[in-house]
Amino acid sequence: MPADNTCVTLPGPWRHEKIQANGAQFNAAVAGEHREDRPLILLVHGFPQYWWAWRNQIEPLAEAGYHVVAIDRRGIGGSDKTPDSEDGLTLAADLIAVVQSLGERKAVLVGLGRGGALSWSAVSMEQDLFAGLVTVSSPHPRTLHRAGFHVTFRTWRHVLTSIISPLSRKGLVHEDAVRGLLSEWSAPGNDGASEQANIYTQALQLPGAAKVSLDQLRWTWRAQRTPSGRKYLRESANSVHVPVLAVRGDKDPLLPDRAWDKDLEFAVGPYRKVRVSDAGHFVPEEQPEAFTKILLDFLDDITI
């Protein structure tokens with residue numbers, strides 16, 4: 001059965017746009033309009049999601065006066081699948097290029113999981129373009145590569161399984177497998193993410209999407225072993241002077257609290273870490289109201 005691509009244009013209090021940037025076309029759910037006194041809010045999903053991960057935040061952010069763009073990362077959802085869709089340098093540069101393509105003077109990146117790591121990197125690479133950074137379930141990328149003991153066995157088990165199992169790609173396009181992953185990475189009994197398994201599975205069934213998703217995980221795991229990966233980690237290591245908000249679900253099964261201990265080696269400006277109760281890896285979906293309030297409170301203090 002062919003994949004149903006209507007999942008990339010699901011209706012809601014947003015509009016769907018295509019953005020040309022960095023040699024690719026990006027699918028995005030967009031709300032609000034450009035304002036000179038407010039930064040663009042660029043929402044960057046993690047694995048195994050796409051822009052739909054931010055469905056609970058798009059409207060409140062727009063109602064607060066922000067121009068909001070929730071993109072599908074390169075290779076995911078409705079965005080282009082290119083030969084370099086897994087390379088971290090390219091993916092971080094995409095975020096910079098999307099902001100520039102939209103003609104925005106300043107932006108705040110809000111990234112979850114792998115999207116948070118890429119957001120750290122993009123801000124490190126192009127400081128003057130950004131007014132703030134919000135990372136969810138994502139300590140600084142160099143921390144994770146520097147010391148494996150910071151990451152729990154469950155994290156490495158999933159990464160290693162995606163590398164060595166010939167069935168991993170096949171399993172990723174089945175709803176039961178996606179639901180199981182979303183549930184396992186969430187707080188016990190919290191189905192805010194897992195109840196969307198059918199929609200996320202549809203996106204992963206799009207041509208090339210599951211392969212790219214797993215290739216990106218493989219690339220991340222191997223980063224220290226490749227020239228492009230080492231360059232990515234070097235480019236990510238610049239001091240970040242803009243305000244940084246780090247959000248962690250208090251029941252995140254993937255990353256222990258100490259994984260954030262080294263963030264202040266890189267965040268030299270205002271830095272705040274917030275723990276959200278009864279949330280695992282997918283905080284914006286597991287505790288949408290609490291997360292949206294935390295995000296809006298942070299944005300209130302951003303000046304451009």
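Ion pairing of Glu86 with Arg73 is absent here, as no side-chain N (NZ or NE/NH1/NH2) approaches a carboxylate O to less than 4.0 Å.
Applying the salt bridge (charged side-chain N to carboxylate O under 4.0 Å, His left out) test to every pair with at least one member in residues 90-114, sequence neighbours left out, gives these pairs: Arg74-Asp94.
Inspection of the Gln25 and Asp80 side chains reveals no N or O donor paired with an N or O acceptor under 3.5 Å. A donor-acceptor contact closer than 3.5 angstrom is absent between the side chains of Ser183 and Ser194. A donor-acceptor contact closer than 3.5 angstrom links the side chains of Ser85 and Thr82. There is no side-chain donor-acceptor pair under 3.5 Å between Trp14 and Glu59.
The side-chain heavy atoms of Glu286 and Asp278, taken from C-beta on, include no pair separated by under 4.5 Å.
Phe47 and Trp185 have tilted rings, their planes meeting at an angle from 30° to 60° on a 0 to 90° scale.
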Step by step, would you call Trp51 with Phe26 a ring pair (Phe, Tyr, Trp, His ring centres under 6.0 Å)?
CA-CA 11 Å; Trp51 71 262; Phe26 295 87; over 10 Å; no
Ring pair (Phe, Tyr, Trp, His ring centres under 6.0 Å), that's the test. Do Phe266 and His140 meet it? Break it down for me.
CA-CA 8 Å; Phe266 307 99; His140 193 279; 3.7 Å; yes
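Residues passing the salt bridge (charged side-chain N to carboxylate O under 4.0 Å, His left out) test with Glu285, sequence neighbours excluded: Arg55. Residues forming a salt bridge (charged side-chain N to carboxylate O under 4.0 Å, His left out) with Arg35 (at least two apart in sequence, or on another chain): Asp37.
By the neighbour-count criterion of 12 heavy atoms within 6.0 Å, atom NZ of Lys18 is densely surrounded, having more than that number from other residues, nucleotides or ligands.
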